[in-house]
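First the structure, in the form of structure tokens, and then the observations on it.
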Amino acid sequence: MTTTEAVAVPDLAELAGISRQLEHQPATEVIRWAHEQFGDDLVLASSFQDCVLIDLAMRVSNDIEVVFLDTQYHFAETLWYVEQVRNRYDLNLRVLEPETHADDRWLDDPDGCCKFRKVEPLLRALEGKAAWMTGLRRSETAQRASAPIVSWDLGRSLVKVNPIATWSDLDITGYTQDRALPEHPLRDRGYASIGCWPCTRPVHDGEDPRAGRWAGLDKVECGLHD
Ligand code: SF4
């Protein structure tokens, strides 16, 4: 498996202090800080469930590299949406595919499937980079509830930036409406959280938005945010 190049470990106390300072700053200020710190060595990883983080980032700099992990099991609607967003922003988009053939691993080994189709391609995307930026939000799952704005990604040896960590679902909806952003076509078909088609179902009113991901399994994360 590919590994990211060694990046000098920063002063972790200093990084935690920066994170606290950015806690109450607008997301664009967090992105501006990251862009100023890391320049071309900053990558934005997007699942293209929506384009809120991309819109925020493009307001700071339209040359920030955006990475999409094409697992080969995305909904056709997701691939269509990627093209809509790519064209809207003239994105500096890099699409990573897994180094494996189509298989049925998701049926009996979803962790292994995510490892080959998400975790390993992300490592390739981050090779030689100093920082990555994600749309992770604290309100999404209990595991994400204490996610900092800025932290040291120990497993990948680079800085991780979560500019919208403090945002609620309502914040996302409000920003999407205010900015008239294009929405993923599955949103109005009950898909509150959108991943690969074998592992995603719509949710019912009142259900947890993430309940449609790996439904029926004891799995809530794909490994990207471990
Ligand atoms: S979400 Fe499902 S199909 Fe997609 S990589 Fe993970 S296990 Fe495989």
Side-chain angles (χ1 to χ4, degrees), residues 1-47 49-69 89 91-94 96 114-115 118-172 175 210 220-226:
M1 183 176 285
T2 313
T3 55
T4 50
E5 263 177 37
V7 174
V9 180
D11 183 323
L12 298 187
E14 187 182 337
L15 206 57
I18 292 169
S19 186
R20 283 193 297 275
Q21 285 172 18
L22 292 172
E23 180 79 25
H24 302 293
Q25 294 293 317
T28 47
E29 288 309 306
V30 177
I31 297 166
R32 200 179 314 284
W33 170 84
H35 187 248
E36 286 174 2
Q37 288 291 314
F38 306 111
D40 292 345
D41 290 334
L42 173 69
V43 167
L44 187 166
S46 176
S47 61
Q49 299 185 57
D50 61 58
C51 61
V52 168
L53 182 59
I54 289 174
D55 186 81
L56 288 161
M58 294 305 109
R59 290 169 64 186
V60 173
S61 171
N62 60 8
D63 62 6
I64 293 174
E65 183 178 84
V66 177
V67 161
F68 173 61
L69 306 177
Y89 297 99
L91 285 184
N92 175 15
L93 179 69
R94 185 175 175 207
L96 275 290
C114 283
K115 177 181 165 191
K118 291 185 175 182
V119 177
E120 189 280 330
L122 177 67
L123 273 180
R124 274 188 278 130
L126 299 181
E127 209 169 357
K129 301 294 183 181
W132 70 304
M133 200 154 56
T134 90
L136 181 150
R137 292 186 294 117
R138 292 173 188 162
S139 61
E140 291 172 315
T141 65
Q143 289 77 8
R144 299 180 180 186
S146 58
I149 304 293
V150 181
S151 62
W152 179 245
D153 185 337
L154 189 60
R156 301 182 180 91
S157 295
L158 74 179
V159 172
K160 183 175 182 181
V161 186
N162 302 313
I164 55 172
T166 60
W167 286 34
S168 65
D169 290 351
L170 271 180
D171 293 328
I172 295 290
Y175 186 87
R210 295 271 301 183
V220 292
E221 293 282 358
C222 57
L224 297 182
H225 298 296
D226 291 350

Heavy atoms only: give me the nearest [X]-[Y] pair and the separation to one decimal.
{"X": "Glu140", "Y": "Arg210", "answer": "O-CG, 3.5 Å"}
{"X": "Asp171", "Y": "Trp167", "answer": "OD2-CA, 3.4 Å"}
{"X": "Ser46", "Y": "Ile54", "answer": "OG-CD1, 3.7 Å"}
{"X": "Val43", "Y": "Ala125", "answer": "CG2-O, 4.2 Å"}
{"X": "Pro163", "Y": "Leu53", "answer": "CG-CD1, 3.9 Å"}
{"X": "Val9", "Y": "Leu12", "answer": "CG1-CD2, 4.2 Å"}

Say you draw a straight line from [atom1] of [X] to [atom2] of [Y]; how long is it, rounded to the nearest 0.5 Å?
{"X": "Leu15", "Y": "Trp152", "atom1": "CG", "atom2": "CH2", "answer": "8.5 Å"}
{"X": "Ser139", "Y": "Ile172", "atom1": "OG", "atom2": "CD1", "answer": "8.0 Å"}
{"X": "Leu123", "Y": "Lys129", "atom1": "CG", "atom2": "NZ", "answer": "14.5 Å"}
{"X": "Leu136", "Y": "Arg144", "atom1": "CG", "atom2": "CZ", "answer": "4.5 Å"}

Tell me every residue that passes ring-ring contact (aromatic ring centres under 6.0 Å, His included) with Phe38, counting only those two or more places apart in sequence or in another chain.
Trp33
side-chain hydrogen bond (donor to acceptor under 3.5 Å, both in side chains) against [X], all qualifying residues, sequence neighbours excluded:
{"X": "Asp50", "result": "none"}
{"X": "Ser61", "result": "His35, Asp63"}
{"X": "Glu36", "result": "none"}

So [Y] and [X], do their side chains get closer than 4.5 Å, heavy atoms only?
{"X": "Arg32", "Y": "Arg59", "result": "no"}
{"X": "Ser47", "Y": "Phe68", "result": "no"}
{"X": "Ile164", "Y": "Tyr175", "result": "no"}

Does Asp41 have any salt bridge (charged side-chain N to carboxylate O under 4.0 Å, His left out) partners at least two apart in sequence or in another chain, and if so, which?
none
Kindly write out the residues that satisfy salt bridge (charged side-chain N to carboxylate O under 4.0 Å, His left out) with Arg138, not counting sequence neighbours, or none if the list is empty.
Glu23
Salt bridge (Lys or Arg N to Asp or Glu O under 4.0 Å) pairs touching residues 157-166, sequence neighbours excluded, are none
Among all residues two or more places apart in sequence or in another chain, which pass the side-chain contact (heavy atoms from CB on, under 4.5 Å) test with [X]?
{"X": "Gln25", "value": "Leu22, Glu29"}
{"X": "Ser19", "value": "Pro148, Ile149, Val150"}
{"X": "Ala57", "value": "Ile31, Leu44, Ile64, Met133"}
{"X": "Asp40", "value": "none"}

Asn162 side chain to Ala165 main-chain N or O, any donor-acceptor pair under 3.5 Å?
no
Side-chain donor or acceptor of Arg94 paired with backbone N/O of Glu65 under 3.5 Å
no
Tell me which pairs pass ring pair (Phe, Tyr, Trp, His ring centres under 6.0 Å) where either residue lies in residues 9-31, with sequence neighbours left out.
none
